[in-house]
Each structure stands twice: as C-alpha cells, then as structure tokens.
Amino acid sequence: MIVQLLVTGIALGSMYGLVALGYHITWVTSRTMNFSQGHAVMAGAVVAFAFYVGLGWPLWAAVLATLVILAALGIGLERVAVRPFFRVASPAWLLSTIACGIIAENVAMLTFGKDARAFPSVLTQKPILVGGAGFYAQELLIPVVGLLLMGGVQLFYHRTGYGKQLKAVAYNPEAAGLMGIHIPRAVMCAYGLSALLAGIAGVLLAPVLNVAATMGTIIGLKAFAVAIIGGLNSAPGIMVAGLGYGLVESFVAGYLSTGAREIIGFALVILVLVVRPWGLLGSRPARRV
Amino acid sequence: MTWVAWGCLAAAAGSLPLFTANTYYLYVAASVGLLTIVTSGLNVLVGFTGQMSLGHAGFYAIGAYAAAVLTTRVGWSGWAAILVAILVAALVGAGVAGAALRVTGPYLAMVTIAFGIIVEGILVEWVSVTGGPGGIFNIPKPSLHAFYWVIMGGAAVSLWLVANLRRSAWGRAFLAVKGSDVAAESLGLSAYYVRIMAFTVSAGFAGAAGGLFALLNGYVSPDSFTLQTSILFLLALLFGGEGRVAGPVAGSIALTLLPEFLTSLADFRLILYGGLLMCSIYWLPTGVVGALTRRGDSDRDRDGDSDSDSDRDGNRDRDGDRDSGGAAPLLQVERASLAFGGVAALSEVTLAVPARGIQAVIGPNGAGKTTLLNALSGFYVPDSGGIRLREVPVAGRPPYAIARLGVARTFQTAQVFGDLSVAENVAVGVAGPRLGSVVAALVGAPWTRAAEARLRRRALALLAEAGLTEWVERPADALPAGLRRRLEIVRALARKPRLLLLDEPAAGLAPAEIAELDAYLARLRDTGGPAVVLVEHHMDLVMAVSDHITVLDYGRVIASGTPEAVRTNPAVIEAYLGVSE
C-alpha cells in the first residue's frame with residue numbers, strides 16, 4: 001500500500017510541479033500568469049488524443065504535433081489575453097485568461113465530447129506488482145520525465161544565453177530592457193514555454209487519468225496551489241512543493257478518503273500562507289514607496 | 001436622469017407580478033434580485049477596495065446552508081435564519097480575510113479559491129449536517145409571490161446600503177486604499193484593517209443572498225456553489241461596472257437574462273460567459289453602467305459648494321497640547337542605519353527636528369534622502385539605531401501607527417486617490433483613522449451624516465485656503481501635476497500633524513509654482529504650522545525657507561547647520577560639485 005501511494009504521489013506531484021513551473025515562468029518575466037494553465041493541460045491531453053486515437057498517427061508524431069500546437073496556443077493566449085494588459089495595475093489579465101480557459105473548455109466539450117475517454121498506452125496495459133502493490137509503468141515514467149524537464153528548464157535559465165536573458169528580465173525588467181533585451185518577445189517565449197510544459201503534463205497524464213474536457217480546472221488549481229506554496233518566484237520551492245503536495249494528497253486519499261483530499265490539500269495552502277505569506281521559499285516583493 | 005432610471009427599474013420590478021402570474025418569470029426576476037445582492041456586496045470589495053475574490057460562492061453557500069439548517073433542523077423562522085446567515089457569513093468572512101489579506105495579487109486569489117473549494121468539499125463530506133452531495137431538501141418554502149417582494153426589497157436595500165457606504169468615511173477609506181495603500185497608511189489608515197472590513201461586508205451580503213436563495217428554492221445542494229459560481233459573481237459585477245452603485249444591477253440583469261433567452265444555445269454557455277468576460281475587459285473597462293454614464297459625469301462638475309468660506313476659522317483649532325518649541329526635540333534620529341542588499345542607504349544618521357520650523361535634508365541623487373523619509377514614516381525599518389518621536393521609540397511601528405502619532409507626509413510622485421474627488425481626498429485626511437462604525441455607515445445613521453457634513457465643511461475650507469476651490473468636485477486624477485502636489489500637502493495638513501515630511505514638493509513645478517510653494521511654506525511656518533522636514537533639490541527654495549539644513553551623501557550626514565553655514569561648507573561643495581584636492 002505504502003509503495004503504491006508513494007509512486008502515485010510522486011507521479012502526480014511531479015506533474016503538479018511541472019505545471020506549476022509554468023505559472024512561475026510567466027510570473028517572473030511579466031508579473032502575469034495564465035490562470036487557465038490547467039486548461040492547457042487538458043488541451044494537451046485532448047489534442048494528443050485527437051492525433052493519436054482520432055487520426056491514428058504514430059505516437060511520436062502525435063506528441064510532437066501536440067507540443068507545437070500547445071506552444072502556439074500559449075503564444076496566442078499571450079497576444080490576446082495578456083499583452084493588452086501587460087503591466088497595467090489591474091487584474092484584467094487574470095480574468096481574461098480565465099475567460100480563455102472556459103472558452104477552451106467549451107470548445108473541447110463541443111469537439112471532443114462531454115464524456116471522459118481512456119488514452120491507450122502500452123505502459124498502462126499491465127500493472128507492475130511489487131510485493132502486493134500494483135502500479136503502472138507509466139507512473140514511473142511520469143516523474144522521471146517530469147523531474148528531467150524541471151531540471152532542463154533550470155539548466156536553460158542558468159546555462160544558456162537566452163535563458164540568462166530571460167532571468168535578467170525576471171530580475172529587473174527595466175534594466176534588461178535598457179540592455180537591449182526584447183521584453184515583449186521574452187514574455188511571449190515565457191508563455192509558449194509555460195503552455196508547452198502544461199501540454200507535456202497533459203500527454204503524460206492522459207493514460208493514467210482519463211481524457212476529459214473538464215479535467216483541466218482541478219489540475220490547474222492544484223498546480224497553482226503548489227506554485228503558491230513553493231513561492232511564485234522560486235523554482236526550487238515549486239518543485240519541492242509539487243512533490244510534497246502530491247504525496248500528501250496521495251496519502252490522505254489512501255488512508256482517509258478522496259473527499260478529504262481536496263479539503264486537506266487546500267487547507268494546507270491557507271495554512272502555509274498564514275505562516276509564510278510569500279510561500280515556503282518565495283520572497284516578499286519589495287514595497288515601492 | 002439617474003433618478004428616472006432608478007424609478008423605471010423600481011416600476012418594472014414592482015409591476016411584474018401584476019402583469020404575469022407565470023412563476024417562471026417571477027423566479028427569473030427573483031434570481032436577478034439575488035445576484036444583485038451578492039454583486040452589490042462584492043462591489044464593496046472589488047470595485048471600491050480593489051481586491052479580488054474567487055471564493056464568494058463559499059459565503060453564498062454558508063448563508064444558504066445556515067438558513068437551510070436553521071429552518072429545517074431547528075425550526076426557526078425564515079427571517080431569523082437569514083439574519084443568522086448574514087452574521088455567520090460575515091464572521092467567517094472576517095476570519096478568511098484575516099488570513100487572505102496579508103497577501104495580494106495571485107496569492108490572494110489562491111486563498112479565496114482555496115476557501116471556496118474547502119467549503120464545497122465540506123458541503124459534500126459533512127453528511128450529518130449538510131446532507132452530503134444530495135443537499136437539504138425540505139426547506140419550508142414561502143409562496144413565490146410573497147417571497148418575490150422580499151427578494152426585490154432585499155436587492156433595493158442592498159443598493160441603498162452600498163450607496164450610503166460609498167458616501168461615508170468608510171467608502172472613502174476603501175477607495176483610498178485602492179488608489180494608493182501607501183498614501184492611505186500615511187494618513188493613519190491601516191490598509192489591512194480597511195480591506196478586512198470590505199471583505200467582511202461583502203461576505204455578509206453574499207450570506208444574505210445565500211439565505212434568500214435557500215428559501216426561494218426550497219432546497220440546497222453543493223452543485224450551486226462551485227468555483228464557476230464565484231466567477232459568475234465576478235463577471236456580473238465587472239460586466240455591469242465595478243465601483244458604481246448601479247453596476248451590480250445592470251450586470252445581474254444581463255447575466256441572468258442572457259442565458260434564459262439563449263436556452264437553445266445551452267451547449268455554448270461557457271463560450272458565452274467567456275466571450276462576455278473578454279468583451280467587458282476589452283471594450284467596457286468601466287462596465288455597461290460606466291459606459292452609459294461617462295457623459296453625465298462631466299455635467300456634474302460645476303455644482304461646487306458656495307458655503308466654502310463659512311468655516312474659514314475651523315482649521316485654526318489646533319491641538320492645545322503642542323510642544324512649545326523648548327527643550328526636547330520633536331523627532332530624534334539616533335545612529336540609524338539601513339542597508340539594501342549590502343548597499344548602505346543610511347549609515348549612522350543622527351538628526352534632531354525641533355517642534356517648530358523647517359528642517360531641510362539635501363544631498364546628491366542617491367544620498368538616502370527619500371530612504372530617510374521612508375524610515376521616519378515607518379515604510380522602512382532601520383537595521384540599527386533608533387527613531388524617537390516626542391521621546392516615544394517608533395522604529396519598527398507600521399506607517400499608519402506612526403501617522404497616528406502626528407506624522408504626515410507627501411511622496412516623490414504625488415499619490416492622490418484618483419477615484420475620489422479633490423474634496424474627498426482631503427476628507428480622508430481630515431477623518432484619518434476615525435471611521436466610525438461600519439454598520440452606521442451602511443444604514444446612513446443621522447450622526448454619521450452630521451459627522452459627514454462637518455468633515456466636508458472642513459475639507460472645503462482647507463481647499464479654499466489653498467486656492468483649490470474650483471477643483472473640489474473634480475476627480476483627483478483630473479488635476480494637473482502641480483495641483484496634485486498641492487492637494488497632497490493639503491491632505492497631509494488636514495491631519496493636523498505635528499510633523500510634516502515633504503518629499504521633493506517642488507519637483508516638476510514651474511518657477512511661478514515654486515514661488516507659490518515658497519510663500520506657502522513660509523506662511524505655514526509663521527502661522528504656527530507643524531514642524532517640516534523638507535527633502536528638496538531646488539536650492540533657492542531650500543535656502544529661502546529652511547531654518548536648518550542637514551546634508552546627506554552616501555547615506556551619511558556630512559554637514560548640518562544653518563543655511564549660511566552649509567552653503568560655505570567645503571564637504572558640501574565637494575559632494576555637489578565633485579571638487580577634490
């Protein structure tokens with residue numbers, strides 16, 4: 001039982017972390033974020049399903065096409081719902097991204113249908129049995145890919161020239177702008193990358209959870225909770241918080257009930273914020289006087 | 001014009017039951033009423049105070065379940081149940097606000113979302129009280145015809161309460177915190193406390209609507225209280241026009257009726273909502289009501305008050321307990337140091353400000369002058385050293401607490417409350433932290449109105465003295481830059497401070513305006529005004545009005561003395577001109 005809960009917890013937690021990293025990436029470059037990040041996860045799963053099952057493409061092609069489409073959706077979202085309100089001291093971007101999310105959900109409902117469908121995968125056909133515990137190979141693949149990607153994103157930011165430029169924008173947009181970094185393009189890239197990560201999470205989760213038009217909201221909210229717990233401006237904090245949240249959730253569901261899972265998970269968020277208002281590893285934004 | 005619109009609305013709501021016995025129409029109209037009640041309350045939080053909540057369905061649920069449980073299990077009457085529903089929702093609201101409002105932006109959004117989800121989860125899980133996923137069914141249901149009047153009455157009362165609140169000291173405090181929480185704190189308002197109150201009021205309104213909802217339907221179940229419901233509340237408010245008393249009505253009508261007209265498009269419901277939200281963000285930033293009334297606003301500009309001079313002497317009644325110059329300095333800074341990430345902004349600054357006169361602080365750019373003002377007014381806390389105001393240590397106290405001890409200030413970029421009129425800006429300063437009871441403000445109690453009239457008279461008198469009479473009814477945003485600075489000073493003086501901190505009051509002023517400022521400061525000093533700490537670059541002004549000058553360079557005091565002594569001090573000349581031996 002414990003092994004099973006551990007595997008599930010780490011698998012889901014790494015995905016929450018990955019999606020949450022998407023919030024972080026856009027937040028640090030633009031002080032905005034896609035509040036419908038969860039719907040991007042859903043879009044990833046639905047689009048992959050359409051190519052792989054619907055059109056019968058080979059898996060690699062379907063995944064590739066999905067990722068391209070998701071990055072494009074992220075960039076499009078930035079254009080339509082974020083850029084017009086960039087750095088305006090209003091929550092307009094928050095509401096406009098929510099609006100895009102619920103529109104996306106409805107479009108998915110109309111095209112994909114209202115019912116959940118199973119995403120076939122060789123990795124979920126036979127459970128692996130370890131001393132009475134059963135789990136799917138997919139559940140082992142998920143955290144491996146998830147953690148590799150998180151590491152990759154960190155490497156990109158710390159080691160590559162363009163990553164460093166994006167980091168500079170995060171640190172001080174005005175100075176970065178004066179140094180010749182094209183800020184609107186940096187924000188656009190951040191949104192593309194953010195949606196891409198969510199799409200990957202969607203593809204990875206599709207075989208484990210079922211694919212449904214309504215799957216996005218709760219994943220997005222949990223990932224958001226993770227980003228807030230970890231601290232929006234702290235990537236390491238988010239990764240730790242992601243795994244932690246996944247484990248807590250998995251064990252609460254295993255030992256108490258699935259109903260208690262959401263209550264305890266979100267109560268934990270409020271508790272963390274009461275104790276550490278800007279997240280476990282986050283820092284308070286400087287007050288401007 | 002406005003009254004005609006309200007009259008038509010009331011007539012429409014009142015005559016509907018006369019024209020139709022169709023319960024469906026009455027039910028839809030009652031739903032508009034409920035949504036109006038919720039969004040009126042939400043308007044206090046979002047529209048007035050500028051905070052966001054994505055969890056108000058939780059308070060709606062608390063009200064609904066409180067009423068449902070009390071009427072079914074305890075056998076209370078509907079009226080009593082609704083009263084308790086309001087109280088419980090407001091109480092929970094205050095608790096949630098206490099936790100939520102320490103943070104802002106996305107963090108605040110998260111807490112409110114989490115609250116909504118927790119409430120929804122509890123409704124499903126706590127079967128013995130809430131009936132679980134099935135909810136509570138056998139709520140005694142009054143006849144729809146009778147209850148229609150109750151709900152419409154409730155909606156009308158809600159609008160009236162919010163209109164009263166907007167005109168009160170509380171309403172101005174909400175808008176002040178929205179406009180500039182920093183400036184609000186410098187006038188003695190605790191932004192945290194003001195926001196908690198806004199959140200509590202809005203939760204109470206949601207609780208009332210929830211209670212009415214339970215009695216209207218005769219059953220409640222968790223499905224009615226999801227995140228989507230919270231988003232719908234927000235959408236109705238924004239579409240109608242946040243910050244305007246009539247906004248919630250327009251938004252509630254639109255958001256309730258549109259889906260009813262478009263029932264054939266039920267599958268496109270979310271696209272409809274999303275599209276509406278996008279449209280209102282793009283094209284109606286002030287909502288339907290804002291777009292319709294934009295013209296009307298400019299017509300009202302002219303009806304300035306005529307009795308503005310009647311209270312000219314009112315502002316001379318300064319506190320009798322002012323220190324009369326003498327021994328102990330008003331403000332004493334002792335070896336205060338403050339570093340930002342290794343850069344010393346202030347190092348061992350020692351400074352004494354006497355109870356009278358003008359003390360200038362000058363120095364090259366980046367010398368730490370504004371940092372010093374921020375430390376004096378509580379926005380920064382020195383890493384070491386002390387600040388004492390009339391012998392009371394104040395370092396580490398929040399800005400509003402220091403403001404309440406008699407310190408007022410202005411800012412380098414003038415921080416006026418843009419959504420408030422010029423007169424209201426000054427009234428915020430006159431009232432300071434004395435806001436009275438929020439319930440009295442809601443119902444517009446007679447003594448609140450009397451206090452209002454006094455506040456306004458005094459604000460108008462102060463504005464007249466500063467030559468701003470023709471602007472009193474204009475929104476502060478409409479003032480030209482020079483007058484904004486003047487308004488900021490008037491607002492700060494309205495607090496009757498002991499100490500006034502001015503941060504570059506002459507920056508960006510034309511030479512004629514600087515001369516006026518010069519005369520104004522001199523008059524202030526000569527008529528027994530507060531002690532002034534003046535941070536300024538314009539040397540002519542500084543030399544003309546200062547009694548004492550302190551010179552900062554790289555966070556250190558390099559000279560201190562009379563204008564004459566400082567002018568000839570070699571260290572000062574070197575700091576300014578870069579002359580070295």
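So that the names make sense, note that chain A is the first sequence line, chain B the second, and so on, each numbered from 1. These numbers come from the heavy atoms of this one structure, side chains and all, not from hydrogens, waters or symmetry mates.
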Which residues pass the side-chain contact (heavy atoms from CB on, under 4.5 Å) test with Thr217(A), not counting sequence neighbours? His39(A), Glu105(A), Leu221(A), Leu227(B)
Leu54(B) portion near chain A, given a 4.5 angstrom heavy-atom threshold: side chain
If one checks every heavy atom of Met110(B) against chain A at 4.5 Å, the contacting part turns out to be both
Turns out that what part of Phe340(B) lies under 4.5 Å from chain A's heavy atoms comes down to neither
So, the part of Phe35(A) with a heavy atom under 4.5 Å from chain B: the answer is side chain
What is the minimum heavy-atom distance between Leu94(A) and Ala109(B), and which atoms define it? CD1-CB, 4.3 Å
Which bit of Ile113(B) comes within less than 4.5 Å of chain A, counting heavy atoms only: side chain, backbone, both or neither? side chain
Does the side chain of Leu110(A) reach to within under 4.5 Å of the side chain of Ile271(B), using non-hydrogen atoms? yes
Okay, Leu373(B) and chain A: the region with an atom under 4.5 Å from a heavy atom over there is neither
Residue pairs fulfilling ring pair (Phe, Tyr, Trp, His ring centres under 6.0 Å) with at least one residue in residues 228-251 of chain A, sequence neighbours excluded: Tyr16(A)-Tyr245(A)
Are any side-chain N or O atoms of Tyr273(B) and backbone N or O atoms of Ala99(A), one a donor and one an acceptor, separated by less than 3.5 Å? no
For the student: nearest non-hydrogen atoms of Asn106(A) and Arg269(B), plus distance: ND2-N, 3.5 Å
Heavy-atom pair with the smallest gap, counting every atom of Ile103(A) and Gly275(B): CD1-N, 3.7 Å
